[in-house]
Amino acid sequence: MVSLFSFKHKIMNETLKIAIQKSGRLYEGSMLLLKECGIEVGNGNNQLRVLASNFPAEIFFLRDDDIPEYVQDAVADIGFIGENVVKEKKKTVDTVEKLGFGKCRLSIAVTKSGSLKTIDDLNGKKIATSYPEILSQYLQQKNIAASIHEISGSVEIAPRIGLADAICDLVSSGSTLFSNELVEIETILSSEAILISNKKLSVEKKFILDSLLFRIRAVRKARNNKYVLLNAPNDKIDTITKLLPGMKSPTILPLAESGWSSIHSVINEADFWNVIEQLKANGAQGILIIPIEKMII
Ligand code: PRT
Ligand code: ZN
């Protein structure tokens, strides 16, 4: 049977060019997301471009710094890229969706034992960074007259070798700062991987992008939610239903043991930890939490 999608694709005979990082911190998350969206991509790590075998997409493997420009210039139609890079490169692209991986923050950090304690202490000082655009905008906003020294890597060693008084760099766990005896004094941007798009996609390419977005949203919802099964005394069903409202309402099935029911629902994982005590206090037993593969509301 020909699905509506493959039928339309046949008419259109179009592919969506997706740029992802060739190697680095966003590579795994990007490939996993495509895989969970059911898009099969061969071993792209050694090739510049690979056609997906079961979806009208071509994957381009690129350096992350180049992705905003390639998307702007329609070399690629869309890209998975850190928000930090998009803000720094200032290219003309649309931000379409947050992707939930590659989370980090861009922070200003100073030597732990030094005299600089706040952002105002940076007046007249030198800050080393790979993000001169974002930093200069921020300093301007805050009226800080510091000079920016642009370096492309190993920013964290700049204060120790006398290159700068402070740094502005990406932080995730904080261990790089810790091991270099640096401490954050200001977060200037929170970032995660996002999907960017060329501003002038054809109708055909927009159609493929919508189909991809539908899958991405289903995958991301499923990642954040869990299926919950529990047994509860019948007189607590109303209270437990309020705690676990689910997508529409929970499924309630009688147990073989009279006076008891099995309640099935869906809950955001973060919320689950907030209600667990209340579920137990209301007599819930045999609580099972099961991952959901895809979630379409
Ligand atoms: O080769 P290419 O140019 O493609 O890659 P790259 O070396 O420029 O980038 P890469 O792979 O290091 O990072 C790609 C993207 O991952 C970044 O643009 C961010 O959007 C995101 N990301 C998330 C991070 C981090 N977390 C991160 N911790 N990028 C870099 N870091 C570095 C940071 O610069 C510092 O050196 O990790 C160190 C700090 O990490 P912690 O865990 O010690 O705090
Ligand atoms: Zn890079």
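Note that ligands are numbered from 1 as they come in the structure, with each ligand's atoms numbered from 1 the same way.
For the residue pair Thr176 and Glu156, no side-chain donor N or O sits within less than 3.5 Å of a side-chain acceptor on the partner. Donor-acceptor pairing under 3.5 Å is recorded for the side chains of Ser173 and Ser175.
Only the side chain of Leu26 comes within 4.0 Å of ligand 1, judged by heavy-atom distances.
Residue-level check: among N/O/S atoms of Asp64, OD1 sits closest to the Zn ion (ligand 2). The Zn ion (ligand 2) is closest to atom OD1 of Asp65 (considering only N, O or S atoms).
The contact set between ligand 1 and Gly24, taken as ligand atoms under 4.0 Å from a residue heavy atom, comprises 11 (O). Atoms of ligand 1 found under 4.0 Å from any heavy atom of Cys104, numbered from 1 in the order shown, are 19 (C), 22 (N), 23 (C), 26 (N).
Ligand 1 has no nitrogen or oxygen under 3.5 angstrom from a nitrogen or oxygen of Val85. When only interatomic distances are considered, the shortest N/O to N/O separation between Ser175 and ligand 1 falls below 3.5 Å.
Ile108 and Leu182 fall into different hydrophobic clusters, where Ile, Leu, Val, Met, Phe, Trp and Tyr side chains are chained together by heavy-atom contacts under 4.5 Å.
In terms of protein heavy atoms, atom 25 (C) of ligand 1 is closest to Arg25 CD, 3.5 Å. Closest protein heavy atom to atom 28 (N) of ligand 1: Ser172 OG, 2.8 Å.
Between His264 and Tyr227, the ring-plane angle classifies as perpendicular under the 30° and 60° cut-offs.
One finds no salt bridge joining Glu181 and Arg160 here, because no Lys/Arg side-chain nitrogen approaches an Asp/Glu carboxylate oxygen to under 4.0 Å.
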